Amino acid sequence: MRETRRKSMLVISKLLFIILVSLLLAGCPIIKGDTTYTVSGRVTLLDGGSGLGDVKLQFSGGHGIATTRSDGSWTKSGLKGNVTITPVKDGWAFTPSSRNVSGARSDIDFQASPTETYSASGYVRDGLGIPISGVAIEFDRHFSSVSTGSDGKWTKPGLSGTVIATPRKNGWTFNPGNRPLTPTATTADFTGGYTVSGRVADKSGRGVGYAKLTFDGSSYSTTADENGYWTKAELSGSITVTARKDRWTFSPPSRTVSEPDSDVSFEGTYRADGRVRDADGSAVSSVSLDFSGGHRSVYTDSYGHWTRDGLFGDVTVTPLLSDWTFNPPSHTITSPDYEYSFTRTYTVSGRVTDQQGNGVRSVAITFSGGHRSSFTDENGYWTKEGLSGPITVTPNPTGYTFDPQYLIVDKPSSNVDFTAIPQSTGYSVSGRVTDQHGAGIADVLLFLGGGFGTARTGSTGFWSASELSGDVTVTPAETGLVFTPETVTISGSSSNVDFVGNPVANAYTVSGKVIDSRDGSGLYKVSFTFSGGFGRTQSDVLGDWSKSGLYGTVTVTPSRPGWTFAPESRVVTGTNSFVDFSGTPTGNSESDGGGR
């Protein structure tokens, strides 16, 4: 039984073997099936390795064609069995000429070379005919580039068909931008120009807008933009570049270039100028102009003109002249394109007193030229700022006449004083007290007999008195002076009661300073009286004061409303320049109308 089964299995096995062999010999798909495969590869140039596009790949066995992409790559699917692949493109030969495949592959590559080639050449020079070396001549259709030599020449063999040649070099432009090459047109020359650029700025880094850049050897120029940046193309040979702008000086003055350069820059400083005038337009000389940023000061010339070189950035200019002020107080210079001018102004001040030397309050002080009025404070003091040119100063209250009636000022002054004389029905007298040279003597006290009190000379030596009656004896008195005549007796109106004062021997001068005890600053408008009939004086804006013509022992006493002083007074017997005082406010220290 076992033997029979074994024989049966052997027969079946033989039959199956015979069937399998028959199927294999007939190519039956039952064994291989309908399996397809994919192949790919690349077509490149023989002389450079770049991909070659538009090559047709033909496949045997009716499998059609494939076309290479721009980088030379290609792919073909759906192949069966043994297939021969052949690349084809007009004007090109391929190595190998064909390849066989029978299964999937990704390395089916070919190399291409032109079948008909020619050689091309040319020169690249600048506008002066100077050779330009190192220029890359690039070609389309996947041909590799070449470079010019020291003589500006280039040569390219192995070209085929129509090829576009394009010159390239960083910082250069070329004319024409490219040229076509063919087997019958194998020469291509180019003219090149280089590009330079930079910035024009001042020493603070701020751009100098619209500066002009000129180039020697060329009629061309360019202009920087608003931030100082500029560019110039198509230059040839060695060129000197110069930056220019009115009122500017540049460092370096110029630069020489012979090739592309992106940092042809210039650093500049500017010149500013202006004038200082009075209101009438007349020049003011010897005014100091101070500049911020550490720049050195300059002075106005005899025409009132000033100029300053070497400035950069924003600079503030301030005019300075002792005792004078200016309108405006300063200018901030942001550009040198304007004239920065100033009008000189000044401050005047004074006091209005009655014939006994007491201050007269609320007197209107008017000024010509359209200036607003000022008013005396409770002690008769007044101040006016911002004046310019000759100004007529006139006191204007009701019920008074003044000596003098008006004064003309044209510079700073702190003693523009007036004496207020009440209007009356009695007779009036007036006159003048002068020195031996005819100059008026101010602040001379005149004693009026008959109980009519005193009068005092003004800044020009004039004096007056009114409401007199009967016989009146006038006696002048001033420390350090003797007068001729010693007295004059009047009995009616007169306008020439004059005296001449002459200095006495052994007179001395004292001076000092009065300060604010709070911060040590000078105290302004402190009044000083002197015993013995020597009159009075007043401290200036710095707190300084002085008095001359004293003799003998004199007590000096400071006063100012709202202030106390230490010491309260000092005694002097001879010349002394350190008669100093310290003031302390007791209330409103500004109550007298002046500042410190």
Side-chain angles (χ1 to χ4, degrees), residues 350-361 363 376 379-380 394-407 415-505 507 527 529-537 547-552 554-555:
R351 193 179 186 213
V352 179
T353 58
D354 60 20
Q355 291 170 293
Q356 288 72 44
N358 301 311
V360 181
R361 65 182 301 172
V363 176
T376 59
N379 294 300
T394 306
N396 289 280
T398 301
Y400 287 96
T401 60
F402 291 91
D403 180 28
Q405 294 181 355
Y406 61 87
L407 288 171
N415 59 353
V416 185
D417 301 329
F418 300 92
T419 299
I421 304 169
Q423 294 178 346
S424 67
T425 57
Y427 69 83
S428 299
V429 294
S430 61
R432 190 170 187 233
V433 180
T434 61
D435 62 17
Q436 56 189 328
H437 304 293
I441 303 176
D443 215 32
V444 175
L445 192 64
L446 296 106
F447 293 93
L448 307 175
F452 290 102
T454 60
R456 191 177 295 272
T457 59
S459 60
T460 57
F462 288 100
W463 69 275
S464 64
S466 59
E467 295 187 351
L468 304 180
S469 61
D471 293 335
V472 178
T473 299
V474 182
T475 304
E478 172 64 21
T479 303
L481 295 175
V482 293
F483 295 91
T484 301
E486 294 182 2
T487 63
V488 173
T489 300
I490 54 177
S491 58
S493 296
S494 177
S495 61
N496 57 357
V497 184
D498 300 331
F499 300 89
V500 176
N502 294 282
V504 298
S527 179
T529 59
F530 303 86
S531 65
F534 290 106
R536 61 190 301 280
T537 190
K547 181 68 173 177
S548 59
L550 305 182
Y551 61 87
V554 179
T555 300

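Computed from heavy atoms alone, side chains included, the values below leave out hydrogens, waters and symmetry copies. Quantities reported herein were computed from a predicted structural model and do not represent experimental measurements.
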Counting C-beta onward and ignoring hydrogens, is there a side-chain heavy-atom pair between [X] and [Y] closer than 4.5 Å?
X      : Y      : answer
Thr434 : Asp498 : no
Phe452 : Gln355 : no
Leu407 : Ser459 : yes

* Asked: Could you state the interatomic distance from CZ (Arg432) to CG (Asp403), rounded to the nearest 0.5 Å?
  -> 10.5 Å

* To the nearest 0.5 angstrom, please state how far the CZ atom of Phe418 sits from the OG1 atom of Thr394. =>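 These two atoms lie 6.5 Å from each other.
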
Ignoring hydrogens, what is the shortest heavy-atom contact between [X] and [Y]? Give both atom names and the distance.
X      : Y      : result
Gly350 : Asp417 : CA-OD1, 3.2 Å
Ala465 : Leu448 : CB-CD1, 3.7 Å
Phe402 : Ala420 : CE2-CB, 3.6 Å
Asp443 : Thr457 : N-OG1, 2.8 Å
Lys547 : Phe530 : CB-CZ, 3.4 Å
Val429 : Gly492 : CG1-O, 3.6 Å

* Cut-off 3.5 Å, side chains only: do Thr473 and Thr489 have a donor facing an acceptor? ->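 Their side chains do contain a donor-acceptor pair, which is all the 3.5 Å distance test asks for.
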
* To do: Verify the distance criterion only: is there a donor paired with an acceptor across the side chains of Ser494 and Asn496 at less than 3.5 Å?
  => yes

* To do: Give the ring-plane orientation class for Phe499 versus Trp463, where under 30° counts as parallel, over 60° as perpendicular and anything between as tilted.
  =>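 Phe499 and Trp463: tilted rings.
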
* State whether the side chain of Thr484 and the backbone N or O of Gly501 hold a donor-acceptor pair below 3.5 Å, judged by distance alone. =>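 Such a contact is absent between Thr484 side chain and Gly501 backbone.
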
* Asked: Would you say Tyr400's side chain and Thr419's backbone share a donor-acceptor pair under 3.5 angstrom?
  -> no

* Got more than 12 heavy atoms from elsewhere within 6.0 Å of CD, Gln405? -> no

* **Residue among Leu446, Leu445, Val500 satisfying side chain to side chain contact (heavy atoms under 4.5 Å, CB included) with Pro476** =>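 Exactly one option meets the side chain to side chain contact (heavy atoms under 4.5 Å, CB included) with Pro476, and it is Leu446.
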
